[in-house]
Protein chains: 2
Amino acid sequence: MTVSEGVPASRVSAPGPLPSEREAMCPHRLVLEHVTSRWGVLVLIRLLERPHRFSELRRAIGRVSEKMLTQTLQTLERDGLVHRDAQPVIPPRVDYSLTGLGREAAEQVRALASWTERRMDGVLAARRAYDEARRTHTEAPRSGDGTPRTHTEAPRAVDGTPRAGGEAPRVDDEARTL
Amino acid sequence: MTVSEGVPASRVSAPGPLPSEREAMCPHRLVLEHVTSRWGVLVLIRLLERPHRFSELRRAIGRVSEKMLTQTLQTLERDGLVHRDAQPVIPPRVDYSLTGLGREAAEQVRALASWTERRMDGVLAARRAYDEARRTHTEAPRSGDGTPRTHTEAPRAVDGTPRAGGEAPRVDDEARTL
DNA sequence: CTGCATCCTTAAGGATACTG
DNA sequence: CAGTATCCTTAAGGATGCAG
């Protein structure tokens with residue numbers, strides 16, 4: 001998505017109409033990705049509550065680099081979802097709030113977020129069932145089941161570390177409140 | 001937003017503590033990211049229409065590698081949103097459909113997608129205003145012609161659209177027929 | 001056809017330093 | 001405080017090959 005500095009000089013000095021690889025298309029897909037983006041979701045939900053200053057958002061969301069927060073806010077502002085009010089004072093004070101458009105989006109997003117919260121139990125149960133089925137299926141092929149382990153031996157991690165079938169994935173949670 | 005943190009493919013058959021993963025946040029945040037993930041959104045919307053075979057989904061969605069489609073489907077299946085029906089025939093035939101849980105999620109997602117479509121005009125207008133304001137504001141000591149920018153490339157938004165001023169509007173876009 | 005595994009490229013995201 | 005610019009690490013995603 002980003003140009004990044006790794007752009008070949010040849011490309012820069014010879015712009016032209018850009019051969020269009022996968023140029024503009026369904027624009028609304030992009031907007032959807034903006035509002036459902038990792039930080040976009042959190043920003044919208046926070047701003048639905050009340051306007052926030054930059055640092056307030058940063059603290060409220062937690063674990064977000066200022067770089068990403070800035071990027072997210074700029075994108076949402078450009079899309080007309082967030083209003084940015086920069087007061088020319090020292091030290092600088094900038095307030096972010098939702099526009100009418102942004103409020104609509106934020107409400108949809110919040111609805112989705114609420115849903116995941118309400119249905120969390122069902123999801124967790126499904127995961128346990130899935131993992132359990134997988135585990136028993138892989139480790140102990142039942143007679144008559146016809147699921148012989150072929151050669152899929154000890155599963156390994158990225159670094160090649162073999163790992164026996166499983167236990168609790170460690171969770172160094174921080175329990176953020178959405 | 002990605003689907004993968006839940007099931008990085010290797011994770012499916014090799015459940016275990018991977019080096020660095022952010023399964024740390026509140027669990028419902030993860031589910032939210034699954035359903036709002038790039039391919040997750042498209043899969044859910046397609047399946048809302050009717051059950052699909054693997055290759056049908058692939059074609060319907062378009063430009064999605066089978067790797068990503070597989071990963072997305074596995075994640076959604078594990079979360080209990082998608083039902084997988086693998087028929088033991090040759091050649092293999094696998095049908096994917098929504099569970100009750102998945103239908104609820106898909107409807108929320110579809111609502112959000114519809115919203116972006118309905119409000120697209122407003123968003124585009126906002127973008128034009130934003131870019132225009134930026135451009136006039138940035139315009140300054142310009143004596144010669146468009147000399148190749150030295151090193152200060154345009155700041156970008158999340159979607160990669162560079163600031164006005166210019167050239168190289170490298171927009172990473174998707175042409176999906178949602 | 002469906003799916004798993006591996007390599008490899010690119011983009012996202014974090015850390016840091018600097019500015020107004 | 002609120003950014004901007006840069007570097008650098010990690011993760012996402014695509015291509016390919018193989019198996020059932």
Side-chain angles (χ1 to χ4, degrees), chain A residues 1-8 22 33 37-40 52-59 63-75 77 84-96 138 146-153 155-160, chain B residues 1-14 18-22 33 37-40 52-59 63-75 77 84-96 138 149-160 163 170 172 174:
Chain A
M1 260 172 192
T2 348
V3 169
S4 109
E5 50 284 298
V7 178
R22 51 288 236 213
E33 296 200 0
S37 72
R38 185 172 179 195
W39 308 116
H52 282 67
R53 294 184 55 174
F54 184 85
S55 50
E56 282 180 333
L57 274 176
R58 201 170 176 343
R59 276 193 306 276
R63 327 191 291 318
V64 57
S65 62
E66 61 184 59
K67 174 189 169 184
M68 291 317 295
L69 184 54
T70 298
Q71 261 185 24
T72 301
L73 286 169
Q74 284 175 348
T75 298
E77 186 196 357
R84 179 174 182 274
D85 178 35
Q87 300 169 47
V89 299
I90 295 178
R93 178 192 174 100
V94 182
D95 285 82
Y96 291 92
T138 301
T147 310
R149 286 186 41 115
T150 49
H151 66 35
T152 319
E153 51 177 23
R156 48 192 101 178
V158 180
D159 59 354
Chain B
M1 59 187 61
T2 354
V3 162
S4 48
E5 31 59 18
V7 184
S10 56
R11 197 59 177 303
V12 178
S13 51
L18 280 209
S20 62
E21 297 227 3
R22 57 174 199 279
E33 294 201 1
S37 72
R38 184 170 181 196
W39 308 117
H52 282 67
R53 294 184 55 173
F54 184 84
S55 50
E56 282 180 332
L57 275 176
R58 200 169 175 348
R59 276 193 305 276
R63 320 173 310 318
V64 56
S65 63
E66 63 183 55
K67 175 188 170 186
M68 291 317 296
L69 185 54
T70 298
Q71 263 186 20
T72 301
L73 286 169
Q74 283 175 348
T75 298
E77 185 195 358
R84 179 174 182 274
D85 178 35
Q87 299 169 47
V89 299
I90 294 180
R93 178 191 173 102
V94 182
D95 284 81
Y96 292 93
T138 304
R149 323 186 53 65
T150 52
H151 52 63
T152 9
E153 243 328 5
R156 55 173 41 312
V158 169
D159 68 345
R163 175 187 37 191
R170 186 116 195 296
D172 173 311
E174 290 290 309

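In this text the structure is predicted, and so the values were computed from the model without any measurement. Chain naming here is simple, since letters A, B, ... match the order of the sequence lines and numbering starts at 1 in each.
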Could you give the CD-to-C1' distance, from A:Gln71 to C:dA11, as a whole number of Å?
-> 11 Å

Looking at A:Tyr96, does any N or O in its side chain come under 4.0 Å of the phosphate oxygens OP1/OP2 on D:dG3?
-> yes

Pairwise 5' ranking along DNA chain C for A:Ser65 and A:Pro91, keeping only the more 5' one | A:Ser65

Do A:Leu57 and A:Leu69 touch side chain to side chain, with heavy atoms closer than 4.5 Å?
-> yes

Whole angstrom value for the distance that separates C1' of C:dG3 from CG of B:Asp85 = 16 Å

Rounded to whole Å, the CZ-P distance (A:Arg93 to D:dC1) equals 12 Å

Do any N or O atoms from the side chain of B:Arg58 and from the backbone of B:Val64 form a donor-acceptor pair under 3.5 angstrom?
-> yes

Rounded interatomic separation in angstrom, taking CE from A:Met68 and C1' from C:dA15 = 14 Å

Starting at CD of A:Gln74 and ending at C1' of D:dA2, how long is that distance when rounded to a whole Å?
-> 11 Å

Would you say B:Glu56's side chain and B:Arg53's backbone share a donor-acceptor pair under 3.5 angstrom?
-> yes

Can a side chain N or O of A:Arg53 be found less than 4.0 Å away from OP1 or OP2 on D:dA2?
-> yes

Are A:Arg84 and D:dG3 close enough that a side-chain N or O sits under 4.0 Å from OP1 or OP2?
-> yes

Distance in angstrom units between A:Arg38 CZ and C:dG13 P, rounded = 7 Å

Between C:dG3, C:dG13, C:dG20, which nucleotide has the shortest distance from any of its atoms to the side chain of A:Lys67?
-> C:dG13

For the side chain of A:Glu66 and the base of D:dC1, is some donor closer than 3.5 Å to an acceptor across the two?
-> no

D:dA2 phosphate, OP1 or OP2: any side-chain N/O from A:Thr70 under 4.0 angstrom?
-> no

Could you tell me whether the side chain of B:Phe54 reaches within less than 4.5 Å of the side chain of B:Thr70, counting heavy atoms only?
-> yes

Within this structure, what is the CZ-to-P distance between B:Arg63 and D:dG13, rounded to whole angstrom?
-> 13 Å

Is B:Gln71 close to B:Trp39 at the side-chain level, that is, under 4.5 Å between some pair of heavy atoms?
-> no

Using atom CG of A:Leu69 as one end and atom P of D:dT4 as the other, report the distance to the nearest whole Å.
-> 12 Å

